[in-house]
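Contents: one structure, followed by commentary.
No experiment lies behind these values; they were computed from the predicted model shown. Reminder, nothing fancy here: chain letters follow the sequence lines and each chain counts from 1.
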Amino acid sequence: MNEKITLGQGSGGRQAQDLIRDHFASRFGMEGPMTDSALLSAGEGMIAFTTDSFVIDPLFFPGGNIGKLAVCGTVNDLAVSGAEPRFLSAAFIIEEGFEVSELDAIVASMAAEADAAGVMIVTGDTKVVEKGQCDRIFINTAGVGLLPREHMHISSGVSVKEGDRLIISGPPGDHAVAILASRRKLSFDQPLISDCASLNRLTGKILEKPAAVHFMRDLTRGGLAAVLNEFATMISCGLTVNEESVPIAEPVRGLCEILGFDPLTLASEGRMVIVAAPEAADRIVEILRSDPLGRESAVIGEITAERRGRVVLNSSTGGRRFLDMPSGLLLPRIC
Amino acid sequence: MKFVDEFRQRSQTESLARLIAEAATRDYTFMEVCGGHTSAIHRFGIPSLLPDRVRLLSGPGCPVCVTSADYIDRLIALASLRDVTVALFGDLMRVPGTLLSPAAAVAEGADLRVVLSAHEALQMAQSDPQRKIVFSAVGFETTAPGTAVTVMQADSEGRDNFYVLSAHKLMPPAMEAILKDGTRIDGFICPGHVAVITGASAFDFIPERYGLACVVAGFEPADLLMSVLMLIRQVNSSSPSVETEYSRVVSSKGNQRAQAYLAEVFEPCDAQWRGLGHIALSGLRLRDRYRRFDAGTAFRVSLPESTRASACICGEILRGLRSPPECVLYASQCTPEHPEGACMVSEEGACNSWFKYRHDE
């Protein structure tokens with residue numbers, strides 16, 4: 001039987017990595033680590049270049065919509081590469097019959113988010129397909145940012161060392177749970193909104209001393225578990241995470257307990273991990289906490305030389321176990 | 001979070017671990033038979049808190065793992081019929097059938113959709129009366145009452161496009177079958193959620209007939225450690241009985257209303273368990289009065305011939321005779337992405353839990 005694409009291959013976990021490695025990277029001649037943006041020489045300087053597509057369902061969710069998400073997602077891929085995001089493209093695939101008022105609302109929030117993040121949407125494309133040929137609206141954005149040479153080490157993590165601290169900019173999983181809750185019409189005692197946000201203001205602040213920042217990555221599909229496992233494999237280092245130190249929003253914990261999800265595998269759209277020199281870690285957390293987006297940031301673990309390529313979790317009850325790469329379908333179409 | 005945080009405090013777990021270390025004066029082997037326990041034990045790193053002398057084995061308590069390939073084939077065949085949608089729990093999507101898993105069948109065009117409850121499947125039937133909805137009824141005494149209530153509701157509505165394909169199973173007969181098969185253990189960590197429905201007394205036959213210790217346990221780290229301690233004390237004093245650690249939700253007689261729903265809709269039948277084989281009166285089928293909802297009789301489907309021959313030792317793992325790393329396929333040909341045996345598929349399966357949390361130990 002011919003092999004067919006399954007939803008699990010689009011999930012951001014191990015199957016998605018295999019798909020990219022076996023079917024894209026090798027054919028496009030892409031070698032080396034899979035980073036969030038491509039870093040390219042442009043005359044004297046460097047630029048970072050990235051692209052992302054958005055197919056989220058529902059289109060509007062607490063804390064944002066597909067348009068805001070499409071801007072934040074691409075801005076964040078550039079920002080965590082150490083670049084200063086500048087220019088975005090926006091391409092739309094729209095299903096026949098889609099409400100123009102909804103399109104206007106989506107585009108208005110793209111404009112507002114681009115403005116807030118200090119980037120310009122400078123080119124675009126629109127296709128309309130017959131009813132049933134896509135689900136309402138899909139958006140692709142691509143982005144270009146300027147990359148100072150002293151930030152070049154960040155996306156590949158080449159200067160990461162044993163003893164470096166692992167910092168998270170806020171509680172993970174709010175986005176995935178907000179989407180799930182709005183899909184299933186669940187409500188919570190404390191309202192839960194998506195963490196969807198542009199991170200370039202935060203990265204700009206912590207990169208004022210770029211040498212102390214050794215790596216950054218935003219948490220998207222597969223959550224903290226996927227990012228840390230990719231990182232441990234890429235750098236060939238060990239990682240220890242203290243479960244107690246990871247901030248988790250109460251509604252996220254509650255829903256995970258009920259549905260059997262691990263909050264560490266759930267997606268965010270406005271959170272990142274930072275690997276920093278040990279002496280700079282507290283200062284970076286202080287800078288992060290001074291910004292509303294980083295108010296709950298914390299040091300959650302460190303880089304070790306043991307068990308290279310694996311992430312060890314010290315559970316809050318005193319036990320130890322691996323934090324593995326999530327696999328298969330967690331939640332479809334969350335971004 | 002209430003009812004969670006108080007059972008995860010390090011001060012509690014550490015002092016329980018200390019008491020266990022003091023009480024453990026010989027080697028002990030206990031079996032947990034609930035997939036929820038297997039998953040919690042590994043997720044919280046419980047084995048790393050126990051002395052080497054205390055060994056935990058995973059039994060057949062993951063409903064997905066014990067579901068036969070034949071059942072998966074039947075779901076896929078039903079979902080490939082025109083006008084039929086199969087509603088199933090997400091865990092089942094990657095369970096290998098003879099030729100395909102449900103996830104691969106979806107890519108081939110079969111209509112299988114993930115639901116969180118039987119009731120959600122009934123809602124699908126209500127909102128699209130032209131479509132026939134088959135609910136894949138998998139699970140133990142814990143989930144079966146939900147199916148029973150839903151079937152009763154479908155009956156009172158006179159619904160003619162809702163069906164159930166029952167693979168519901170009963171836990172006590174499987175525990176007894178394992179003991180008859182020669183599994184050597186000192187006691188059971190009895191399934192807490194099953195006991196909420198059946199009552200702790202459902203396990204009385206184990207100390208009575210087999211002289212083994214039993215503790216009905218909850219699912220938090222302190223629950224699990226406390227249960228291990230209670231089991232060790234029973235063994236040390238040679239006084240096997242059924243004790244309930246999970247007393248905040250488990251009573252001796254259980255949820256009698258749920259039991260009444262079960263008895264109204266279902267009757268015990270012989271059942272096929274993946275890895276364990278045929279166990280008498282260990283399954284549930286719809287009673288005659290509700291037989292019109294049975295997808296097994298309502299639809300005629302042809303199934304692929306079972307040709308799977310494999311070195312997979314799921315059966316022995318489910319009986320506690322061997323542990324996952326002893327299988328030659330484990331972590332090489334059999335991984336969570338490409339499961340060969342069912343224990344690798346579900347989040348609650350013994351092999352999956354080992355792979356995720358303890359892989360290169």
Separation of A/F322 CZ from B/W354 CH2 (nearest 0.5 Å) = 11.5 Å
Under 4.5 Å to a heavy atom of chain A? For B/E220 that would be side chain
May I ask you to check whether over 12 heavy atoms, not counting those of A/Q133, lie within 6.0 Å of atom CD?
-> yes
Verdict with reasoning, A/R253 to B/D5, per salt bridge (Lys or Arg N to Asp or Glu O under 4.0 Å) = CA-CA 11 Å; A/R253 285 186 69 196; B/D5 292 335; 2.6 Å; yes
Relative to chain A, which segment of B/I46 carries a heavy atom at a distance below 4.5 Å: side chain, backbone, both, or neither?
-> neither
dist A/D324:CG -> B/S353:OG (nearest 0.5 Å) comes out at 11.0 Å
Nearest heavy atoms of A/I5 and B/A107, plus distance in Å | O-CB, 3.4 Å
Heavy atoms only: give me the nearest B/Y357-A/R321 pair and the separation to one decimal.
-> CE2-NH1, 3.1 Å
Count the heavy atoms belonging to other residues, nucleotides or ligands that lie under 6.0 Å from CG of B/D52, then report whether that count exceeds 12.
-> no
In sequence, state the C-alpha distance, the side-chain angles, and the governing distance for B/K356 and A/M325, and then conclude on side chain to side chain contact (heavy atoms under 4.5 Å, CB included).
-> CA-CA 8 Å; B/K356 270 173 69 178; A/M325 186 78 174; over 6 Å; no
With a 4.5 angstrom heavy-atom cut-off, which part of B/H42 approaches chain A: side chain, backbone, both or neither?
-> backbone
Select, from B/M93, B/Q9, B/R43, B/E14, the one with the greatest count of heavy-atom pairs under 4.5 Å involving chain A.
-> B/R43
Between B/R10 and A/E243, does at least one N-O distance fall below 4.0 Å, as a salt bridge requires?
-> no
Under 6.0 Å from the CZ atom of B/R55, do we count more than 12 heavy atoms belonging to anything else shown?
-> no
Under 6.0 Å from the NE2 atom of A/H23, do we count more than 12 heavy atoms belonging to anything else shown?
-> yes
Heavy-atom donor-acceptor pair, B/R8 side chain to A/T317 backbone, under 3.5 Å = no
Please answer whether the main-chain N or O of A/R320 pairs with a side-chain N or O of B/S48 as donor and acceptor at a distance below 3.5 Å.
-> yes
